[in-house]
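Single-structure report; data block below.
Because the structure is predicted, anything quoted here is derived from the model rather than measured.
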Amino acid sequence: MRARAGFQLDMIGTGRHKRRKGPRLSSASATATFLTLPLALLSPWLLGVPAAALSVFLYRNRVFIGFARRHRGVRFAVWVAWMQLCFHTAFFLGACVGLLRVAYELGRRRGEPIRTGPSPVPSAGARE
């Protein structure tokens, strides 16, 4: 086995080979937890729906919440879980609103197509 030393191109950049999948299920289950809470007003038996969504969220984030518990205790872990739940909900709802806005703009034919490549506008502070 050859030892690696010095600068390597994979030390910088996006680190795609190490990147985890996005938090899609975690964010969707956090949002479902909040969106299904009003079902409990219809019947107490329907409280199981947000409880199931919450359990999926907690299962998906068990490593991070466990780290918080080991680092600062149970009260801190509960606070971290609540903050993660709120963050993932805001993240998911923001993504949904963004998708709806893009779909609306493209439906009205007012949206600009996405261009790839370098920006046609020079960056701020660049001399021309």
Side-chain angles (χ1 to χ4, degrees):
M1 185 168 126
R2 193 174 133 207
R4 293 184 182 184
F7 179 77
Q8 300 164 8
L9 286 177
D10 63 349
M11 296 171 109
I12 60 173
T14 60
R16 290 177 194 246
H17 62 284
K18 296 179 183 176
R19 187 173 288 176
R20 297 182 312 130
K21 289 185 179 178
R24 289 181 286 264
L25 182 60
S26 186
S27 296
S29 62
T31 305
T33 300
F34 285 115
L35 292 180
T36 58
L37 272 176
L39 291 177
L41 299 174
L42 299 174
S43 171
W45 293 102
L46 291 177
L47 195 58
V49 176
L54 180 63
S55 64
V56 168
F57 172 79
L58 291 174
Y59 178 76
R60 295 291 294 176
N61 290 285
R62 68 190 181 280
V63 174
F64 182 59
I65 295 169
F67 168 76
R69 183 185 52 79
R70 286 187 306 279
H71 182 66
R72 302 263 315 258
V74 174
R75 288 181 64 195
F76 182 69
V78 169
W79 182 81
V80 165
W82 172 251
M83 289 293 111
Q84 280 289 100
L85 188 71
C86 293
F87 167 77
H88 279 277
T89 301
F91 173 77
F92 189 80
L93 290 176
C96 290
V97 168
L99 285 173
L100 288 174
R101 181 172 179 233
V102 167
Y104 175 74
E105 292 293 328
L106 290 176
R108 293 182 59 202
R109 303 241 183 241
R110 293 183 65 200
E112 295 183 19
I114 298 172
R115 296 184 189 133
T116 59
S119 174
V121 178
S123 63
R127 295 190 175 157
E128 296 182 25

For this session: Over all heavy atoms of both residues, which pair between Ala77 and Ala68 is shortest? Give the atoms and the distance, please.
Result: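 Result for this residue pair: CA-CB, 4.1 Å.
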
Problem set entry | Candidate pair Trp79 and Met83, rule side-chain contact (heavy atoms from CB on, under 4.5 Å), full reasoning | CA-CA 6 Å; Trp79 182 81; Met83 289 293 111; 3.7 Å; yes

Do [X] and [Y] have side chains that approach each other closer than 4.5 Å (heavy atoms only, starting at C-beta)?
X	Y	result
Leu47	Leu39	no
Leu54	Leu85	yes
Ser26	Asn61	yes

Can you tell me how far [atom2] of [Y] sits from [atom1] of [X], rounded to the nearest 0.5 angstrom?
X	Y	atom1	atom2	answer
Ser55	Arg60	OG	CZ	12.5 Å
Ser27	Gln84	OG	CD	9.0 Å
Ile65	Phe57	CD1	CZ	5.5 Å
Arg72	Phe67	CZ	CZ	10.5 Å

Exercise. Would a hydrophobic clustering, with Ile, Leu, Val, Met, Phe, Trp and Tyr connected at side-chain separations under 4.5 Å, put Val63 with Val56?
Worked result: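 Cluster IDs for Val63 and Val56 differ.
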
For this session: Answer with yes or no whether the hydrophobic clustering places Phe87 together with Phe92; edges join I, L, V, M, F, W, Y residues whose side-chain heavy atoms lie under 4.5 Å apart.
Result: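 Different hydrophobic clusters.
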
Exercise. Is the His88 ring parallel, tilted or perpendicular to the Phe91 ring (thresholds 30°, 60°)?
Worked result: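 Ring orientation, 0 to 90° scale: perpendicular.
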
For this session: With Arg62 as the cation and Tyr59 as the aromatic partner, state whether NZ or CZ is under 6.0 Å from the six-membered ring centre and within 45° of the axis.
Result: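 Arg62 over Tyr59 ring: yes.
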
Problem set entry | Partner of Val49 by side chain to side chain contact (heavy atoms under 4.5 Å, CB included), out of Leu35, Leu37, Thr36 |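 Checked Leu35, Leu37, Thr36 against Val49; only one passes side chain to side chain contact (heavy atoms under 4.5 Å, CB included): Thr36.
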
Exercise. So among Val78, Val80, Val74, which one has a side chain to side chain contact (heavy atoms under 4.5 Å, CB included) with Phe76?
Worked result: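 It is Val80, the one option of Val78, Val80, Val74 that forms the side chain to side chain contact (heavy atoms under 4.5 Å, CB included) with Phe76.
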
